[in-house]
Amino acid sequence: MLDLKFITANPELVKRSVVLKNESVDVDKILSLDNERRQLKTRIDSLRAERKKLSRQIGELIKQGKETESLKQNVKEVGSQLAEDEEKLRAVEYELKELLLRVPNIPHKSVPVGKSEDDNVVVRTWGEKPHFSFKPKDHIALGEGLGIIDFKRGAKLAGTHFPVFLAAGAHLQRALVNFMLDLHIKKHHYIEVAPPYLANRRTMTGTGQLPKLEDDMYLCERDDYFLIPTAEVPVTNLHQDEILTAAQLPLYYVAYTACFRREAGSYGKETRGLIRVHQFDKVELVKFTLPEDSYEEMEKLLNDAEEVLQLLGLHYRVVELCTAELSFAAAKCYDLEVWAPATQRWLEVSSCSNFEDFQARRSNIRLRRSAEAKLEFPHTLNASGIALPRTIIALIETYQQPDGSITIPEPLRPYMEADSIPAP
RNA sequence: GGAGAGGUGGCCGAGUGGUUUAAGGCGGACGCCUCGAAAGCGUCUUCACCCUUAAUCGGGUGACGGGGGUUCGAAUCCCUCCCUCUCCGCCA
């Protein structure tokens with residue numbers, strides 16, 4: 001959420017960023033509602049002041065045993081005018097808040113302006129495309145052939161795009177999770193969090209999933225809980241309604257969770273196999289920083305996520321998203337895309353985003369630098385570190401052998417307790 | 001799921017319709033004192049919004065878990081929802 005005062009002071013800048021992000025929210029309506037709100041507020045405040053004064057007089061008159069009926073009648077009239085204005089103000093504030101929650105964050109000035117994916121900028125590429133002396137199989141053929149991924153049974157249990165991992169496939173997931181957690185906890189000094197997988201509306205609104213993305217999430221209707229689409233939601237909201245001190249920052253958190261996404265309207269032939277699934281595992285990194293440190297911390301965060309792919313020896317690139325591709329809440333975002341050599345595609349396995357104070361304001365996460373200092377909002381950032389299914393695609397396609405077995409990259413071997421997944 | 005007890009500022013805690021304009025304490029900030037410090041003494045202490053202002057200052061309104069109601073007037077009475085604790089039931 002943007003500060004209402006910032007919007008009224010910079011309406012053209014806000015309108016421009018709404019267009020750049022392909023959003024549609026009526027900024028002029030916000031300005032006129034705010035005007036109306038302030039007028040009503042001024043009138044209500046003075047009516048209340050009058051009522052307060054007169055009511056106190058009534059109290060004194062009663063003590064003195066004097067007559068109060070005419071004064072009571074007087075205050076009653078003030079009260080009914082007040083009730084009318086308060087009703088109007090409630091309606092105006094409700095409408096204003098609904099609109100404010102739909103104003104996207106403003107892209108950082110360094111973000112390339114663009115209209116589509118084609119305008120994203122490749123920042124760097126790591127490693128090289130693997131070469132094969134044979135025709136490599138894609139991850140679907142490999143996964144089914146080795147008996148480690150079962151798409152059909154998953155569809156039976158829940159529905160399409162709910163894969164089952166079996167045997168070495170299940171072990172591979174667990175190994176990857178533990179490998180990533182250990183890296184981020186021990187080497188990069190993140191604090192491990194195991195949060196709830198369900199979240200309420202307030203929490204979902206705090207990080208920006210609501211109101212825009214309601215249809216993209218699973219909802220437990222009886223209790224009005226959403227299944228988390230990413231650990232970003234519960235972990236960022238850990239400090240909802242809290243006041244952080246400068247000494248606490250920066251705060252680094254890492255959480256492994258399952259993630260649930262309806263992926264409404266995104267089916268198609270590009271989403272076969274593990275590329276787009278409704279439930280997947282992810283290790284997520286979340287940071288809270290001082291405002292002036294967030295862009296430096298963002299680069300370190302990106303490096304921490306990249307290190308996972310480097311250690312696994314997977315060819316990847318870093319892409320800076322253009323304005324149109326930036327998510328609603330982000331001010332700047334890098335994607336990590338890993339190369340899947342048989343599927344022949346770059347696959348997004350991490351988004352590294354700086355939300356500046358956008359989420360902190362929505363979640364009411366505040367910062368006080370010292371006892372005398374005014375309250376500020378810290379900056380929040382997150383990056384996947386990293387998402388599993390697409391990593392598994394790249395990993396098994398990259399490390400497949402002519403005999404159909406898969407070599408496990410060295411750093412993962414202690415976690416797999418094996419150096420390969422043998423051919424069937 | 002049932003019964004009961006609770007929810008007051010950064011923290012503890014008083015407050016059952018009108019000097020509560022939220023007592024008192026802790027913690028914190030500043031000052032005095034001191035060579036310096038501690039102790040002591042004094043002053044101060046939240047957030048949001050509105051008006052005014054170039055800004056500060058100043059004035060005002062609201063907030064006692066959330067929302068609604070009664071009343072001239074609500075932290076206080078009523079309704080409703082949420083959360084915490086205790087006991088019971090069910091259960092991995």
Side-chain angles (χ1 to χ4, degrees), chain A residues 1-10 30-101 194-206 210 219-226 234 237-249 258 288 357 360-378:
Chain A
M1 189 162 60
L2 298 178
D3 187 356
L4 178 56
K5 282 184 180 148
F6 179 85
I7 296 174
T8 55
N10 305 280
I30 291 176
L31 299 181
S32 70
L33 283 170
D34 181 54
N35 253 319
E36 204 177 334
R37 178 186 69 91
R38 281 186 286 111
Q39 281 175 22
L40 283 166
K41 174 81 172 140
T42 304
R43 195 154 76 218
I44 287 170
D45 281 359
S46 65
L47 285 171
R48 279 180 178 159
E50 190 182 348
R51 180 178 70 178
K52 206 170 178 178
K53 199 177 85 193
L54 295 178
S55 288
R56 219 174 280 151
Q57 283 176 17
I58 291 172
E60 282 163 24
L61 289 175
I62 289 174
K63 266 187 201 159
Q64 296 164 17
K66 290 185 179 158
E67 188 273 339
T68 58
E69 275 315 308
S70 65
L71 198 49
K72 278 190 186 177
Q73 195 50 41
N74 214 331
V75 183
K76 203 163 189 170
E77 278 162 28
V78 173
S80 64
Q81 178 62 51
L82 200 47
E84 201 178 297
D85 286 347
E86 281 172 338
E87 181 55 42
K88 280 186 207 158
L89 182 65
R90 252 202 298 274
V92 166
E93 285 187 329
Y94 179 82
E95 201 181 343
L96 188 57
K97 193 181 157 206
E98 288 299 300
L99 285 173
L100 280 177
L101 287 174
Y197 288 11
L198 302 186
N200 59 33
R201 279 181 189 274
R202 168 88 204 283
T203 296
M204 283 297 175
T205 305
L210 289 180
L219 170 64
C220 304
E221 220 165 327
R222 288 182 81 151
D223 300 295
D224 210 32
Y225 289 141
F226 291 89
N237 279 287
L238 273 181
H239 296 295
Q240 187 183 97
D241 291 325
E242 292 181 15
I243 298 173
L244 305 174
T245 63
Q248 280 177 276
L249 301 179
F288 297 77
D357 62 8
R361 188 174 286 109
R362 285 168 91 103
S363 281
N364 195 33
I365 302 163
R366 291 172 298 172
L367 161 67
R368 197 196 297 278
R369 293 180 196 250
S370 67
E372 323 86 83
K374 279 275 155 206
L375 287 168
E376 303 170 60
F377 292 102

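Note: hydrogens, waters and symmetry copies are ignored here, and every other heavy atom, side chains too, is used. Residue numbering restarts at 1 for every chain, and letters A, B, ... go by the order of the sequence lines.
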Atom pairs, N/O to N/O, protein against nucleotides 67-74 of chain B, distance under 3.5 Å?
residue: B:G68; atom: OP1; partner: A:Arg90; partner atom: NH1; Å: 3.3
residue: B:C72; atom: O2'; partner: A:Ser55; partner atom: OG; Å: 3.1
residue: B:G73; atom: O4'; partner: A:Ser55; partner atom: OG; Å: 3.1

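- Between A:Arg90 and A:Glu87 a salt bridge is recorded (basic side-chain N to carboxylate O distance below 4.0 Å).
- Partner assigned to B:C90 is none, using Watson-Crick or G-U wobble distances below 3.5 angstrom.
- Taking atom CZ of residue A:Arg369 and atom C1' of nucleotide B:A29, one finds them 19 Å apart after rounding to whole Å.
- For B:A22, there is no paired base (Watson-Crick or G-U wobble, both distances below 3.5 Å).
- A donor-acceptor contact closer than 3.5 angstrom is absent between the side chains of A:Thr42 and A:Asp45.
- Comparing B:A5 with B:U43, their P atoms sit 43 Å apart, to the nearest whole Å.
- Side-chain contact annotation: A:Arg38 with A:Asn35, donor-acceptor N/O pair under 3.5 Å present.
- Residues A:Arg362 and A:Thr205 approach most closely at NE-O, 2.8 Å, considering heavy atoms.
- Straight-line distance between the C1' atoms of B:C81 and B:G42: roughly 48 Å, to the nearest whole Å.
- Using a distance-only test at 3.5 Å, with no hydrogens or angles considered, a donor-acceptor pair links the side chain of A:Gln248 to the main chain of A:Thr245.
- Between A:Arg48 and A:Glu86 there is a salt bridge, since at least one side-chain N of the basic residue sits less than 4.0 Å from a carboxylate O of the acidic one.
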Give me, pair by pair, the N or O atoms of the protein and of nucleotides 49-56 of chain B that are less than 3.5 Å apart, along with how far apart they are.
residue: B:C49; atom: O3'; partner: A:Arg37; partner atom: NH1; Å: 3.3
residue: B:C50; atom: OP1; partner: A:Arg37; partner atom: NH2; Å: 2.7
residue: B:C50; atom: O2'; partner: A:Thr42; partner atom: OG1; Å: 2.6
residue: B:C51; atom: OP1; partner: A:Arg38; partner atom: NH1; Å: 3.4

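- With a 3.5 Å ceiling on both atom-pair distances, B:G17 lacks any Watson-Crick or G-U wobble partner.
- Comparing the same atom, P, in B:G67 and in B:C88 gives a spacing of 36 Å after rounding to whole Å.
- Counting to the nearest Å, the P atom of B:C11 and the CZ atom of A:Arg368 are 12 Å from each other.
- When the P atom is used for both B:U8 and B:C85, the distance is 14 Å, rounded to whole Å.
- The same atom, P, is picked in B:G62 and in B:G73; the two are 12 Å apart, to the nearest Å.
- Between A:Glu86 atom CD and B:U61 atom P there is a gap of 14 Å when expressed in whole angstrom units.
- To the nearest 0.5 Å, the span separating CG on A:Leu82 from CD1 on A:Ile44 amounts to 6.5 Å.
- Under a 3.5 Å cut-off, the side chain of A:Asp357 and the backbone N or O of A:Phe377 do not form any donor-acceptor pair.
- The separation between A:Leu96 atom CG and B:A48 atom C1' is 14 Å, rounded to whole Å.
- Between A:Leu47 atom CG and B:G62 atom P the separation is 11 Å, expressed in whole Å.
- Checking side-chain atoms of A:Ser46 against main-chain N and O of A:Arg43 turns up a donor-acceptor pair under 3.5 Å.
- Both distances falling under 3.5 Å, in either a Watson-Crick or a G-U wobble arrangement, place B:U84 opposite B:A5.
- Here B:A75 sits opposite no nucleotide as a Watson-Crick or G-U wobble pair (both hydrogen-bonding atom distances under 3.5 Å).
- Base pairing analysis places B:U53 opposite nothing; no Watson-Crick or G-U wobble pair with both distances below 3.5 Å involves it.
- Look at CD on A:Gln57: it is 15 Å from C1' on B:U19, rounded to the nearest Å.
- With a 3.5 Å ceiling on both atom-pair distances, the Watson-Crick or G-U wobble partner of B:A29 is B:U43.
- For B:U86 and B:A92, the P atoms lie 22 Å apart once the distance is rounded to whole Å.
- Of the possible polar contacts, none joining the A:Ser55 side chain to the A:Lys52 backbone as a donor-acceptor pair under 3.5 Å is found.
- B:C44 sits 16 Å from B:C26 when the C1' atoms are compared, rounded to a whole Å.
- Taking atom C1' in both B:G68 and B:A74, one finds a spacing of 14 Å when rounded to whole Å.
- At whole-Å resolution of the value, CD1 in A:Ile44 and P in B:U61 are 14 Å apart.
- To the nearest angstrom, C1' of B:A63 lies 11 Å from CZ of A:Arg48.
- Taken from CZ in A:Arg201 to CG in A:Asp224, the straight-line distance is 4.0 Å, to the nearest 0.5 Å.
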